[in-house]
Engineer: 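Quick one: structure below, then a few questions.
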Amino acid sequence: MSHLSKLSFATLALVVLGLCIPLNAASVKFLPLNEAVAARKLGFKDAKGVTKLKGLTPMKRSNPYKYDIGKKSLQLQLVDLDVQNPEFKPITVAITISPDIKSPLVLIMPDPKDAAALIGIAIEDSSSAFPWGSIRFLNTTDKPLMVRYEKEVRALPESFTPVNIVPGGAARNMGVQLFKEEEPKAILYSAVWEHDPNVRKLVIITLGADVKMKAYDLKIIPEDRRATN
């Protein structure tokens with residue numbers, strides 16, 4: 001067999017092998033917003049059935065779970081294993097994973113409007129889209145906000161649109177402020193954060209528990225590149 005024939009045969013073998021690998025299999029991580037959500041018995045349903053979620057904590061992402069999206073849909077279902085509907089079936093919550101999301105992280109948040117009192121939002125969590133040393137803000141409220149991080153000011157659209165800020169440079173302390181565009185002097189949140197080029201921070205903005213106070217809560221989930229290697 002000639003060198004060219006051997007090369008062609010090897011190339012064909014790789015193509016066939018690639019076709020044999022299921023393209024609809026992927027992995028997903030989960031992050032509950034708070035302890036109350038983490039304490040619930042939850043699972044997720046894919047094309048193969050229901051998988052129970054274990055060791056959920058609001059302090060960090062879960063371990064990755066393999067899932068099968070099937071041939072027709074990219075939609076998973078969050079399953080409440082504690083509650084059943086009138087037909088004695090577990091209550092489910094749809095989780096839509098956009099086709100462009102390569103490394104999904106599902107935020108599990110309270111939602112009093114849903115039968116399971118939960119909502120699952122999938123966002124991209126790959127290091128290419130959410131790089132080390134950056135801060136990813138996620139405004140889950142229904143009002144747009146503004147954030148000032150050191151000298152940079154960015155708009156934070158409402159309803160789960162991720163916004164990255166990449167300060168760059170060496171580790172240092174930086175001031176952070178949150179305000180509304182129409183009221184730039186009414187600071188809703190102010191603090192000093194540490195910037196570390198090896199750490200990325202996921203910042204989830206929610207309304208405070210006291211609605212009358214019109215306060216905002218910031219949940220910060222840090223992840224250190226050195227701990228993942």
Side-chain angles (χ1 to χ4, degrees), residues 26-46 48-69 74-85 89-98 101 103-127 129-130 134-142 156 158-162 178 189 191 193 199-211 213 215-228:
S27 63
V28 60
K29 295 181 181 180
F30 296 85
L31 177 63
L33 181 68
N34 54 38
E35 291 288 355
V37 173
R40 297 177 62 171
K41 293 181 181 179
L42 301 173
F44 71 92
K45 184 177 181 181
D46 64 359
K48 294 183 178 180
V50 176
T51 301
K52 184 178 180 181
L53 297 176
K54 300 178 180 180
L56 288 179
T57 169
M59 303 307 297
K60 64 178 183 178
R61 299 158 176 79
S62 73
N63 291 326
Y65 287 86
K66 295 292 184 181
Y67 71 94
D68 191 331
I69 60 178
L74 282 170
Q75 190 175 78
L76 294 180
Q77 289 181 319
L78 190 64
V79 182
D80 187 337
L81 300 174
D82 274 335
V83 181
Q84 294 182 333
N85 63 19
K89 295 180 179 180
I91 295 177
T92 60
V93 178
I95 303 171
T96 301
I97 301 178
S98 172
I101 294 180
S103 182
L105 172 66
V106 175
L107 305 177
I108 309 176
M109 305 178 60
D111 183 6
K113 299 178 182 179
D114 188 86
L118 293 173
I119 184 174
I121 302 294
I123 62 173
E124 177 62 78
D125 199 45
S126 66
S127 57
F130 178 16
S134 71
I135 302 93
R136 168 162 283 194
F137 289 91
L138 196 68
N139 179 9
T140 71
T141 74
D142 59 355
L156 304 178
E158 69 276 20
S159 301
F160 306 97
T161 301
L178 193 68
Y189 172 92
W193 291 358
V199 176
R200 63 179 188 172
K201 296 184 177 75
L202 175 62
V203 182
I204 305 172
I205 304 173
T206 62
L207 287 175
D210 191 339
V211 179
M213 293 294 293
Y216 292 84
D217 289 336
L218 275 68
K219 179 181 178 61
I220 305 171
I221 307 294
E223 186 179 26
D224 195 317
R225 169 168 45 187
R226 293 161 294 194
T228 62

Engineer: Charged N to carboxylate O under 4.0 angstrom, Arg40 versus Asp80?
Structural biologist: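 Counted as a salt bridge, because a side-chain N and a carboxylate O are separated by less than 4.0 Å.
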Engineer: List the atom of Ala122, the atom of Ile101, and the distance in Å for their closest heavy-atom pair.
Structural biologist: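 Result for this residue pair: O-CD1, 3.7 Å.
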Engineer: Check side-chain contact (heavy atoms from CB on, under 4.5 Å) between Asn63 and all other residues, then give those that pass, not counting sequence neighbours.
Structural biologist: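 side-chain contact (heavy atoms from CB on, under 4.5 Å) check on Asn63 returns nothing, list empty.
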Engineer: Mind checking the CD1-CG spacing from Ile91 to Leu118? Nearest 0.5 Å is all I need.
Structural biologist: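 Spacing of CD1 (Ile91) from CG (Leu118) equals 9.5 Å.
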Engineer: Atom CG of Leu81 and atom OG1 of Thr92: how far apart are they, to the nearest 0.5 Å?
Structural biologist: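 Going from CG on Leu81 over to OG1 on Thr92, the span is 11.0 Å.
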Engineer: Leu53: which residues meet the side-chain contact (heavy atoms from CB on, under 4.5 Å) condition with it, sequence neighbours left out?
Structural biologist: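 Counting only residues at least two positions away or on another chain, Leu53 forms a side-chain contact (heavy atoms from CB on, under 4.5 Å) with Phe30, Leu42, Phe44, Leu56, Tyr65, Leu78, Ile108.
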Engineer: Output all residues satisfying side-chain contact (heavy atoms from CB on, under 4.5 Å) with Ala191, sequence neighbours left out; order by chain, then residue number.
Structural biologist: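 Counting only residues at least two positions away or on another chain, Ala191 forms a side-chain contact (heavy atoms from CB on, under 4.5 Å) with Tyr189, Trp193.
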Engineer: Flag the pair Leu33 / Pro110 as yes when at least one side-chain heavy-atom distance between them is below 4.5 Å, and no otherwise.
Structural biologist: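 Result yes, sub-4.5 Å side-chain heavy-atom pair found.
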Engineer: So Ile97 and Leu76, side chain to side chain contact (heavy atoms under 4.5 Å, CB included) or not? Walk me through it.
Structural biologist: CA-CA 8 Å; Ile97 301 178; Leu76 294 180; 3.9 Å; yes
Engineer: Test salt bridge (Lys or Arg N to Asp or Glu O under 4.0 Å) on Lys113 and Asp111; report intermediate values, then the result.
Structural biologist: CA-CA 5 Å; Lys113 299 178 182 179; Asp111 183 6; over 6 Å; no
Engineer: Mind listing the side-chain donor-acceptor pairs of residues 199-207 below 3.5 Å, one per line with the distance, residues two or more places apart or on another chain?
Structural biologist:
unit_1: Arg200; atom_1: NE; unit_2: Glu223; atom_2: OE1; d: 2.8
unit_1: Arg200; atom_1: NH1; unit_2: Asp125; atom_2: O; d: 3.2
unit_1: Arg200; atom_1: NH1; unit_2: Phe130; atom_2: O; d: 2.8
unit_1: Arg200; atom_1: NH2; unit_2: Asp125; atom_2: O; d: 3.1
unit_1: Arg200; atom_1: NH2; unit_2: Asp125; atom_2: OD2; d: 3.4
unit_1: Arg200; atom_1: NH2; unit_2: Glu223; atom_2: OE1; d: 2.8
unit_1: Lys201; atom_1: NZ; unit_2: Glu194; atom_2: O; d: 2.6

Engineer: To the nearest 0.5 Å, what is the distance between CG on Leu156 and OG1 on Thr140?
Structural biologist: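 Reported to 0.5 Å precision, the distance equals 11.5 Å.
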Engineer: Please round to the nearest 0.5 Å and tell me the distance separating atom CD1 of Ile123 and atom CZ of Phe160.
Structural biologist: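 CZ of Phe160 is found 10.0 Å from CD1 of Ile123.
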Engineer: Can a donor-acceptor pair be found, under 3.5 Å and without considering hydrogens, that links the side chain of Lys219 to the backbone of Pro58?
Structural biologist: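 Answer holds: yes.
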Engineer: One pair to check against side chain to side chain contact (heavy atoms under 4.5 Å, CB included): Val37 and Met109. What are the steps and the verdict?
Structural biologist: CA-CA 7 Å; Val37 173; Met109 305 178 60; over 6 Å; no
Engineer: Can you name the residues that form a side-chain contact (heavy atoms from CB on, under 4.5 Å) with Ser126, not counting sequence neighbours?
Structural biologist: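 Expected list: Ser103, Glu124, Ser128, Ala129.
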Engineer: Would you compute the distance between atom CD1 of Ile221 and atom CG of Leu107 and round it to the nearest 0.5 angstrom?
Structural biologist: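 Taking CD1 in Ile221 and CG in Leu107, the distance rounds to 9.0 Å.
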Engineer: Verify, without hydrogens or angle tests, whether Asp46 (side chain) and Asp68 (backbone) share a donor-acceptor contact under 3.5 angstrom.
Structural biologist: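 Such a contact is found between Asp46 side chain and Asp68 backbone.
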